[in-house]
Amino acid sequence: MQEPLVSVRGVRKTYFARQSPVHAVASASVDVARGEFVSLLGPSGCGKSTLLMMIAGLEKPTAGSIRLLGSDVVAPRRDIGIIFQDATLLPWKTTLENVLFPIHILKLPVAKYRDRARELLAMVGLTGFEHKKPGELSGGMRQRVAICRALIHDPDILLMDEPFSALDAITRDQMNVALSEILETYRKTVVFVTHSIREAAFLSDRVVVMGGRPSTIILDMKMPFPRPRRFEIEETQDFAQVCRQLRLTIEAAHGHAPPAQTAPAGPSVIE
Ligand code: ADP
């Protein structure tokens, strides 16, 4: 059997920066197969970003191991692309220059990637905006540029940390559809952090719910919706039911509601 592209095994993370240690992730094990879209879902503070940053090699686990493409993660690496909540574009550079920025950093031949940058920008509907500066773009447009920048060096893995949570609800819905379309063209393995149940259900092949105190993985659930996905699936009974189950699982783990009948006591996989 093929080794998973991302393999997280018995990972724990404790921060010792403050007076008392913060147990950000008590225990997490999760595999992501090539081409799979997996969301880490849970309320704020349950360790989603910490787990993502460990996968990115930007934080070190206190215990456990993380492997990407068959090798241990010991430092940041070039086979990943990262997208954060804020687009973090360089304000003095144009759209095209921002997309090409990783190529400069990686010391690759910029001329060779210019066409790819234009193709990516066309894919996200930004043809004609190549020479605009970030200040001239809307929030949704800036996040589209950030997606192109993350894809420019053709990484195998995309790591996304709440990339659309600062956008208004309508733009966010549009970005969800745009991201689905981008991934239909540029097939990638994605780990996506969100606290939006709807967003996780819409985008993902699997939703991994984190929660509890201290935080662990409490549910690993396959999304039963066929692809390509468009807005309409959100109006179906199946979609509502999946969202309900995710919500009840989160509430049960945080004591906001009586435990749901379907909420598992420990990690479980629902096909
Ligand atoms: P989430 O992404 O689910 O909102 P985080 O991973 O950001 O959660 O944080 C999990 C916990 O770890 C929180 O209690 C947070 O305050 C703490 N934490 C995150 N980063 C640090 C850090 N660098 N130093 C100390 N504590 C941290």
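For ligands, and for the atoms within them, numbers begin at 1 and follow the listed sequence. Along the sequence shown, residues are numbered consecutively beginning with 1.
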- Query: Got an N/O contact under 3.5 Å between G47 and ligand 1?
  - Reply: yes

- Item | Option among I157, I55, V191 that satisfies the side chain to side chain contact (heavy atoms under 4.5 Å, CB included) test with I80 | I157

- Query: Has ligand 1 got any nitrogen or oxygen that is less than 3.5 angstrom from a nitrogen or oxygen of V22?
  - Reply: no

- Do any N/O atoms on K48 end up under 3.5 angstrom from N/O atoms on ligand 1? yes

- Does a salt bridge link D205 with R227, judged by any charged N lying under 4.0 Å from a carboxylate O? yes

- Item | side chain to side chain contact (heavy atoms under 4.5 Å, CB included) partner of I83, chosen from L151, L159, I147 | I147

- Query: Against heavy atoms of T50, which atoms of ligand 1 measure under 4.0 Å?
  - Reply: 5 (P), 6 (O), 9 (O)

- Item | Per-atom contacts, ligand 1 versus P43 - under 4.0 Å to a heavy atom | 3 (O)

- Apply the test salt bridge (charged side-chain N to carboxylate O under 4.0 Å, His left out) to residues D161 and K48: give CA-CA distance (whole Å), side-chain angles for both, the deciding distance (0.1 Å), then the verdict. CA-CA 8 Å; D161 193 355; K48 306 181 295 295; over 6 Å; no

- Given A24, S49, G42, which one has a non-hydrogen atom that is nearest to atom 7 (O) of ligand 1? S49

- Subset of ligand 1 atoms that lie under 4.0 Å from at least one heavy atom of S44: 4 (O)

- Task: Using atom types as modelled and distance alone, determine if a side-chain donor or acceptor of T95 lies under 3.5 Å from a backbone N or O of F129.
- Result: yes

- Residue of the set R78, R77, K188, R34 for which salt bridge (charged side-chain N to carboxylate O under 4.0 Å, His left out) holds with D156: R34

- Measure S215 to ligand 1 on non-hydrogen atoms and call it side chain, backbone, both or neither using the 4.0 Å cut-off. neither

- Message: Looking at E184 and R230, is any side-chain nitrogen of the basic one under 4.0 Å from a carboxylate oxygen of the acidic one?
- Response: yes

- For ligand 1, is there an N or O atom under 3.5 Å from any N or O atom of C46? yes

